[in-house]
Undergrad: 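I have a structure here, written as structure tokens, and I will follow up with some questions on it.
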Amino acid sequence: MRLCVNIDHIATLREARKSFEPDPLFAAQLAELAGADGITVHLRADRRHIQDRDVSLLKEIVKTKLNVEMASTNQMVEIMASIQPHQVTLVPEKPNEVTTEGGLDVILNEAQLRQTISRLNSHNIRVSIFVDPNLEQVKTCSKIGAQAIEINTNGYATSKSEKTIKESLKLIEDCAKLGIKLNLEVLAGHALNYKNVNQIVKIGEISELNIGHSIISRAVFVGMERAVAEMKSLLG
Ligand code: PXP
């Protein structure tokens with residue numbers, strides 16, 4: 001299973017002082033040195049952490065794969081068309097949310113998303129869609145032409161009882177199986193950490209995880225390379 005490291009929170013720290021440091025570019029290079037298979041950033045409409053400059057320069061220096069999370073808007077499509085990251089992940093975005101709160105409602109936004117995917121694909125950008133573990137949503141991702149889905153693991157990660165953990169895992173597994181059947185690449189992420197990642201690693205249909213907060217939190221104490229290497233070793 002591949003590991004994409006989300007480095008948004010390096011930029012969060014920089015923006016706390018509107019400073020030049022710490023630079024997410026250094027974090028990306030250290031993550032790659034430590035074995036990361038990709039770098040993920042979220043370019044938000046409010047630019048609260050990652051800036052346009054970060055995405056442009058990351059595209060130049062990332063040797064593995066650059067995945068940019070973004071809302072499905074005209075402005076974002078235009079920016080990505082000029083930067084051309086390897087992959088875009090479409091996510092819902094609310095101005096005051098602390099983090100992405102859930103998957104995209106692909107069924108509700110089918111026509112708009114279809115257009116965005118086609119525009120991004122025409123610039124050689126692969127498109128993944130962040131979805132909740134729901135079979136109908138997964139089916140619609142395939143119908144509108146996405147190349148991949150990223151299954152939202154937040155429900156699993158925040159489950160408190162054995163019963164709800166089991167139920168969440170079953171939902172994720174069923175969606176992963178359906179995704180593969182529909183020729184989608186199946187990725188997963190959100191709220192995964194060094195403890196709860198083990199159950200997700202067992203789902204063979206999932207080929208890649210996006211993990212940010214827990215890796216960056218650990219990196220504050222043990223350093224970026226060690227934090228990434230430790231997570232990577234848990235992915236087998
Ligand atoms: N996947 C998506 C679509 C996200 O929006 C985020 C958070 O930016 C992540 C994965 C990573 O989540 P976390 O920071 O909880 O590991």
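Note that ligands are numbered from 1 as they come in the structure, with each ligand's atoms numbered from 1 the same way.
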Undergrad: Could you check atom 16 (O) of ligand 1 against the protein and tell me its nearest heavy-atom contact, residue, atom and distance included?
TA: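 Result: Gly212 N, 2.8 Å.
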Undergrad: Should Ala191 be listed as contacting ligand 1, given a heavy-atom distance under 4.0 Å as the test?
TA: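 Flag set, Ala191 near ligand 1.
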Undergrad: Quick one: does ligand 1 sit under 4.0 Å from the side chain of His9, the backbone, both or neither, non-hydrogen atoms only?
TA: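 Contact part for His9 vs ligand 1: neither.
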Undergrad: Tell me, please: is Val91 in heavy-atom contact with ligand 1, that is, under 4.0 Å?
TA: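 Flag set, Val91 near ligand 1.
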Undergrad: Would you please test Asp8 and Arg48 for salt bridge (charged side-chain N to carboxylate O under 4.0 Å, His left out) and show each step?
TA: CA-CA 9 Å; Asp8 289 348; Arg48 71 167 80 150; over 6 Å; no
Undergrad: Working note: Lys202 + Glu173, criterion salt bridge (charged side-chain N to carboxylate O under 4.0 Å, His left out); need CA distance, chi angles, decisive distance, verdict.
TA: CA-CA 10 Å; Lys202 289 182 191 160; Glu173 195 170 353; over 6 Å; no
Undergrad: Salt-bridged, Glu32 to Lys65, with N to O below 4.0 Å?
TA: no
Undergrad: Which residue owns the protein heavy atom closest to atom 2 (C) of ligand 1, what's the atom, and how far is it?
TA: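 Its nearest protein heavy-atom neighbour is Glu69 OE2, 3.2 Å.
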Undergrad: Could you name the option among Glu150, His190, His213 that has the heavy atom nearest to atom 1 (N) of ligand 1?
TA: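 That would be Glu150.
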Undergrad: Between Asp52 and Ile83, which heavy-atom pair has the shortest distance, and what is it?
TA: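 For Asp52 and Ile83, the tightest heavy-atom pair comes out as O-CD1, 4.3 Å.
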Undergrad: Please report which non-hydrogen protein atom sits nearest to atom 8 (O) of ligand 1, along with the residue it belongs to and the distance in Å to one decimal place.
TA: Asn6 ND2, 3.3 Å
Undergrad: Strictly by modelled atom types, are Glu69 and Thr100 linked by a side-chain donor-acceptor pair under 3.5 Å?
TA: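 No donor-acceptor contact under 3.5 Å links the two side chains.
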Undergrad: Do me a favour and list the nearest non-hydrogen protein atom to atom 5 (O) of ligand 1 with residue, atom name and distance?
TA: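 Atom 5 (O) of ligand 1 sits closest to the protein heavy atom Thr100 OG1, 2.7 Å.
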Undergrad: Among Thr40, Val5, Thr99, which residue places a heavy atom closest to atom 7 (C) of ligand 1?
TA: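 Residue with the shortest heavy-atom distance to the ligand atom: Thr99.
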Undergrad: With a 4.0 Å cut-off on N to O distance, would you call Arg2 and Glu185 a salt bridge?
TA: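 Counted as a salt bridge, because a side-chain N and a carboxylate O are separated by less than 4.0 Å.
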Undergrad: Side chains of His190 and Glu150: is there a donor and an acceptor less than 3.5 Å apart?
TA: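 No, no side-chain donor-acceptor pair sits under 3.5 Å.
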